[in-house]
Every structure is written in C-alpha cells, then in structure tokens.
Amino acid sequence: MTIPANRPHDCKTARESKLMAVTYTSIEEPVDVLHVSEAYGGGVQTAVAQYIGNSRRYSHELLVRVRSAHDVSRDLDVPTHRIEGSVPQFLMKAARYIRESRPRLVHLHSSFAGLLRAFDLGNAKVIYTPHSYAFLRKDTNVPVLYAYYGIERVLSKKSQVIAGISPHEVATAGRLVNHKRSQVTYLPNVVARQNVNPPKRTDRRHVVTVGRISAQKDPGFFLDTVHASSDPSITWTWVGDGDKSMKQKLRAAGVDVTGWVPNDLVLKYIAQADLYFHPARWEGAPITTLEAASLGTPVLVREVETMTGLGYPGAGTAPSEAALAVKRFFHDPEYNAWVTDESHHCALIRSPEVQRSALDRLYSREN
C-alpha cells in the first residue's frame with residue numbers, strides 16, 4: 001500500500017489503515033507527533049486521547065497494535081495506522097514506518113513500544129512515556145523483572161525525553177537515565193471536566209471499580225475486601241471483564257460484574273456510585289481514579305508504592321484495612337468529608353490546562 005505524499009487526512013484510508021508496507025516518496029510536511037503504542041487500549045488509549053486533545057496546535061498520527069478487548073472507543077479523528085502480528089513484527093514495521101515517514105517527534109507509549117529506542121528512527125526526537133515500568137510488575141518472576149530492568153537501564157541512556165505520568169515514575173526514570181543525553185519531565189494524566197454527575201441514591205451504599213480482571217488490578221484483593229467488610233448494606237460492582245475463574249468468584253461473593261461496556265456507560269457506573277475503590281497491585285497513574293474524582297465520586301486506593309505522590313486517600317495495604325476504610329467512609333461523616341475533599345483536590349490539580357502546558361513544552365517546534 002502506498003499513501004500519497006499529500007496524505008489527505010479527510011479520507012477514511014488515511015485516518016485508519018492496516019499497515020503492511022508503507023512507502024513515502026515525497027513528504028513536504030511530516031507530522032509533528034507520531035504516537036506509537038503496542039498496547040493500545042484502556043488507560044493508555046485514554047491518555048493518548050487526552051494528549052492529542054490538549055495539544056491541537058500540533059499535527060498527530062497514531063501507529064498502534066490494538067488490544068481489542070481493551071478498546072475504549074476513543075474517536076480521535078487523526079490518521080491511525082494499525083499493525084497486526086507479533087511484537088517483533090510490530091517493532092520492525094514501526095521502525096521502518098518511522099524512518100520513512102520522518103515525523104518530527106516520536107512519542108512512545110508503554111514498555112514494548114519503548115523497545116523502539118533500540119532501533120534506527122532517523123532524526124526524530126524521541127519521547128518515551130512508560131505508563132508504568134514493566135520491571136515494577138508484581139506478577140512476574142524475579143529473573144524476568146531483572147531482564148526488564150536491564151533493558152530499561154540500557155535504553156534510558158539514549159538521547160530522549162522520558163515523560164513520566166506520576167511522581168513515582170519520574171523518580172524512577174531519574175535513577176535510570178544518563179543526564180547528559182536524556183531528560184526527565186512530568187506529564188500528568190488528566191481527564192476532561194465531566195458534566196455527568198447524577199444524584200447519589202440514599203437507600204444504598206455502592207462501591208465500584210473499573211478495569212480488566214487481571215493480576216494488575218488484583219481482583220483477589222478486591223474479593224477479600226468484600227468478604228472482610230461483611231456489611232450487607234454495601235453493594236459492589238466491577239466494571240470490566242477478564243479472567244473467567246476470578247469473575248465467577250466475584251459473582252459468587254455478590255459482586256456485580258458488568259463485562260465490557262462502552263466508555264460512556266463506564267462513566268455512568270462511576271458517576272452513580274457512592275465510592276470508587278482502586279485495588280490495583282501496581283499502577284502508573286490510573287485514569288479511572290481521575291475520572292471518578294472529576295465526576296464527584298470519592299476515591300479510596302490501595303496503598304502501593306507506585307501510587308505514591310498522586311494524593312488519593314489511602315485504604316491501607318491489606319484487604320482487612322481496606323474493608324475498614326470503606327465501612328468508615330459510609331459510617332463516619334468526618335472521614336467521608338475528608339475523602340471527598342481530597343479526591344476533589346486530585347481532580348483540580350490535574351486539569352487539562354496543566355497538561356496543555358506540559359505538552360507544549362514537550363512538543364514545541366523550538367525543541
């Protein structure tokens with residue numbers, strides 16, 4: 001397939017295409033920012049949508065390997081090229097595309113796309129956002145984690161900007177880089193201000209969480225919290241899908257598991273809840289907690305190292321502690337007000353205006 005040199009952005013094939021072999025013969029105005037992601041879905045997809053929406057003065061394209069089960073249906077109206085196949089195939093095709101299309105900046109999202117830093121990408125400036133470093137995972141054996149760490153340490157010495165999405169990620173990047181060749185900056189996740197804020201029902205106490213039923217989101221911790229709460233007045237909902245065995249266990253404990261639903265319905269579930277509880281075992285800077293806070297739904301999070309510095313009220317490190325925090329939220333008016341105020345503050349300090357300023361520094365044509 002050959003894309004014409006003028007790349008008409010108003011035609012369907014230019015906006016969204018399956019990329020097999022692309023040849024550019026003459027490009028007078030390369031795109032400003034090419035976003036590349038091997039794990040395009042869920043929070044990464046939402047974050048990229050915000051980056052594009054908050055930097056409209058620059059032209060953008062997407063080069064992605066989509067995980068269909070994680071698709072949150074963000075219509076970005078920018079040229080999108082989808083690469084199918086294995087991770088090695090993705091990397092080879094993506095590197096070739098970058099060399100031939102010659103974008104001014106390449107913004108790599110997540111660890112596997114970050115491997116492209118080992119390839120010849122022409123003269124493009126490289127920006128790398130880990131969206132949670134792979135070596136911080138808690139579901140992988142130690143030798144694999146050491147391998148992830150070694151790869152990141154080597155690749156972080158190359159000339160690039162690492163744009164971390166949380167204070168913890170920024171601090172981690174700072175320990176990896178060669179400061180003569182690399183820069184580290186903070187690129188906070190944000191969400192657009194939400195208008196969906198229906199009144200909460202007063203006849204129940206409803207707790208919700210959102211995500212894939214997987215090791216990272218730790219449904220086992222959520223399940224143990226439900227059991228430890230032993231409060232029949234509290235109802236629990238998991239918005240998402242994933243591991244079948246764990247899904248059955250959640251439902252057996254009385255948790256409403258919705259399966260995958262459209263993003264507008266996800267927001268409705270969050271907005272109608274009385275409390276958002278985030279049980280993840282490790283994280284970057286979750287979008288769903290921000291969405292909850294922006295919708296006026298108070299947030300409690302499991303206290304894990306990677307969430308340090310984000311400012312959300314903590315619910316302890318064990319299911320028994322989390323259960324007590326949830327029950328206290330519903331029975332202690334002062335604690336309820338504190339959690340609500342702190343959650344609201346988290347949304348206020350991560351405004352679209354803050355991200356626009358950070359992106360303008362990253363994407364500036366003067367760089």
Side-chain angles (χ1 to χ4, degrees), residues 36-48 67 70 87 107-118 126-158 160-178 182-189 209-222 242-243 277-290 299 301-312 314-319 322 346 350:
V36 184
S37 175
E38 178 276 334
Y40 190 63
V44 171
Q45 189 174 0
T46 302
V48 172
R67 297 184 180 183
H70 298 200
V87 172
H107 196 158
L108 306 174
H109 300 276
S110 292
S111 296
F112 283 113
L115 293 174
L116 284 165
R117 291 174 292 168
V126 174
I127 301 168
Y128 172 49
T129 299
H131 296 283
S132 185
Y133 279 106
F135 61 80
L136 297 175
R137 293 173 61 163
K138 303 297 184 181
D139 64 335
T140 307
N141 61 56
V142 172
V144 172
L145 293 179
Y146 272 116
Y148 286 151
Y149 178 80
I151 291 169
E152 285 288 355
R153 190 167 183 83
V154 170
L155 294 180
S156 294
K157 305 301 182 185
K158 291 179 170 288
Q160 65 194 286
V161 175
I162 301 179
I165 60 173
S166 71
H168 183 272
E169 190 162 282
V170 169
T172 302
R175 292 191 291 269
L176 292 170
V177 303
N178 179 333
S182 301
Q183 302 175 40
V184 178
T185 189
Y186 182 33
L187 177 57
N189 277 344
T209 196
V210 176
R212 185 173 184 83
I213 302 174
S214 64
Q216 181 183 3
K217 300 302 180 184
D218 205 348
F221 189 96
F222 188 87
D243 182 84
F277 173 55
H278 197 70
R281 197 174 174 191
W282 74 91
E283 271 292 3
I287 293 290
T288 52
T289 53
L290 266 179
V299 177
V301 303
R302 177 182 180 179
E303 294 177 28
V304 294
E305 182 183 16
T306 49
M307 293 286 285
T308 302
L310 291 174
Y312 295 105
T317 59
C346 285
R350 294 176 180 86

Which pair of heavy atoms, one from [X] and one from [Y], lies closest together, and at what distance?
{"X": "Gly164", "Y": "Glu169", "result": "CA-OE2, 3.4 Å"}
{"X": "Pro130", "Y": "Ile162", "result": "CD-CG2, 4.2 Å"}
{"X": "Ser132", "Y": "Trp282", "result": "OG-CD1, 3.6 Å"}
{"X": "Ala134", "Y": "Ser111", "result": "N-OG, 3.3 Å"}
{"X": "Pro167", "Y": "Tyr186", "result": "CD-OH, 3.9 Å"}
{"X": "Ala163", "Y": "Ile127", "result": "CB-CG2, 4.2 Å"}

Inset, instruction - Please name all residues satisfying side chain to side chain contact (heavy atoms under 4.5 Å, CB included) with Tyr149, sequence neighbours left out, ordered by chain then number. - result: Phe135, Arg153, Leu176
Inset, instruction - Taking side chain to side chain contact (heavy atoms under 4.5 Å, CB included) as the test, write out the residues that go with Ile151, two or more places apart. - result: Leu115, Leu155
Only pairs under 3.5 Å count here: list side-chain donor-acceptor contacts from residues 302-310, not counting sequence neighbours, and write none if there are none.
unit_1, atom_1, unit_2, atom_2, d
Arg302, NH1, Asp218, OD2, 2.6
Arg302, NH1, Pro279, O, 3.1
Glu303, OE2, Gly316, N, 3.0
Thr306, OG1, Glu283, N, 3.0
Thr306, OG1, Glu283, O, 3.4
Thr308, OG1, Glu305, O, 2.7

Legend entry - side-chain contact (heavy atoms from CB on, under 4.5 Å) evaluation trace for His168 with Leu136: CA-CA 11 Å; His168 183 272; Leu136 297 175; 3.8 Å; yes
Inset, instruction - Would you check if the side chain of Glu38 reaches a backbone N or O of Ala113 as a donor-acceptor pair within less than 3.5 Å? - result: no
Inset, instruction - Output yes when a side-chain donor or acceptor of Gln216 lies under 3.5 Å from a complementary backbone atom of Ser214, and no otherwise. - result: no
Legend entry - Sub-4.5 Å side-chain heavy-atom contact between Glu152 and Arg117: yes
Legend entry - Sub-4.5 Å side-chain heavy-atom contact between Val48 and Ser37: no
Inset, instruction - With side-chain contact (heavy atoms from CB on, under 4.5 Å) as the test, would you mind laying out the steps for Tyr133 and Leu145 before giving the verdict? - result: CA-CA 10 Å; Tyr133 279 106; Leu145 293 179; over 6 Å; no
Once rounded to the nearest 0.5 Å, what's the spacing between atom [atom1] of [X] and atom [atom2] of [Y]?
{"X": "Lys217", "Y": "Arg281", "atom1": "NZ", "atom2": "CZ", "result": "14.0 Å"}
{"X": "Tyr128", "Y": "Ser110", "atom1": "OH", "atom2": "OG", "result": "7.5 Å"}
{"X": "Ser166", "Y": "Asn189", "atom1": "OG", "atom2": "CG", "result": "9.0 Å"}

Legend entry - Test salt bridge (charged side-chain N to carboxylate O under 4.0 Å, His left out) applied to Arg350 - qualifying residues, sequence neighbours left out: none
Inset, instruction - Apply side-chain hydrogen bond (donor to acceptor under 3.5 Å, both in side chains) to Thr140 and list each qualifying residue two or more places apart in sequence or on a separate chain. - result: none
Inset, instruction - Apply ring-ring contact (aromatic ring centres under 6.0 Å, His included) to His131 and list each qualifying residue two or more places apart in sequence or on a separate chain. - result: His109
Inset, instruction - With side-chain contact (heavy atoms from CB on, under 4.5 Å) as the test, would you mind laying out the steps for Phe222 and Phe277 before giving the verdict? - result: CA-CA 9 Å; Phe222 188 87; Phe277 173 55; 3.8 Å; yes
Legend entry - Arg137 to Tyr148, cation-pi by 6.0 Å centre distance and 45° axis angle: no
